[in-house]
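Just below is one structure, and these are the notes that go with it.
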Amino acid sequence: MVQDMSDKELITITIDRYAELQQIKKANGDHENSQLDYYIKLAVAKLSSLGVNVEDITL
């Protein structure tokens, strides 16, 4: 049985994921992590496609 997720739920989950990724990046300091940067770009793209302005929620 597949449970459908509302747009609001999807946005909330994706914002939470984006915030977690930003916190990890901040904790890494100057350490280069291309995979983390890629995941952040994906989260930004997903949020943008959902109409969320990520500039308002970026650390």
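All values reported here derive from a predicted model rather than from experimental measurement. Along the sequence shown, residues are numbered consecutively beginning with 1. Quick note: numbers below take in every heavy atom, side chains included, and nothing from hydrogens, waters or symmetry partners.
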Criterion side-chain contact (heavy atoms from CB on, under 4.5 Å) on Tyr18 and Thr14, from CA distance to verdict: CA-CA 6 Å; Tyr18 180 61; Thr14 308; 5.6 Å; no

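- In this structure, CD1 on Ile40 lies 6.5 Å from CD on Gln22, to the nearest 0.5 angstrom.
- The CD1 atom of Ile57 sits 4.5 Å away from atom CD1 of Ile15, with the distance rounded to the nearest 0.5 Å.
- Distance check, rounded to the nearest 0.5 Å: OG of Ser6 to CD1 of Ile11 gives 8.5 Å.
- Atoms CG and CG, on Asp4 and Leu10 in that order, are 11.5 Å from each other to the nearest 0.5 Å.
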Trace of the side-chain contact (heavy atoms from CB on, under 4.5 Å) decision for Asp37 with Glu32: CA-CA 9 Å; Asp37 292 338; Glu32 177 85 17; 4.2 Å; yes

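- In this structure, NE2 in His31 is found 9.0 Å from CG in Leu36, a value given to the nearest 0.5 Å.
- The structure places CG of Asn33 at 9.5 Å from OH of Tyr39, a figure rounded to the nearest 0.5 Å.
- If you run side chain to side chain contact (heavy atoms under 4.5 Å, CB included) between Val44 and each of Leu21, Val54, Thr58, only Val54 comes through.
- Crowding of Asp30 atom CG: a count of heavy atoms from other residues, nucleotides or ligands under 6.0 Å not exceeding 12.
- For Glu9, the CD atom counts as densely surrounded, since its 6.0 Å shell holds more than 12 non-hydrogen atoms of other residues, nucleotides or ligands.
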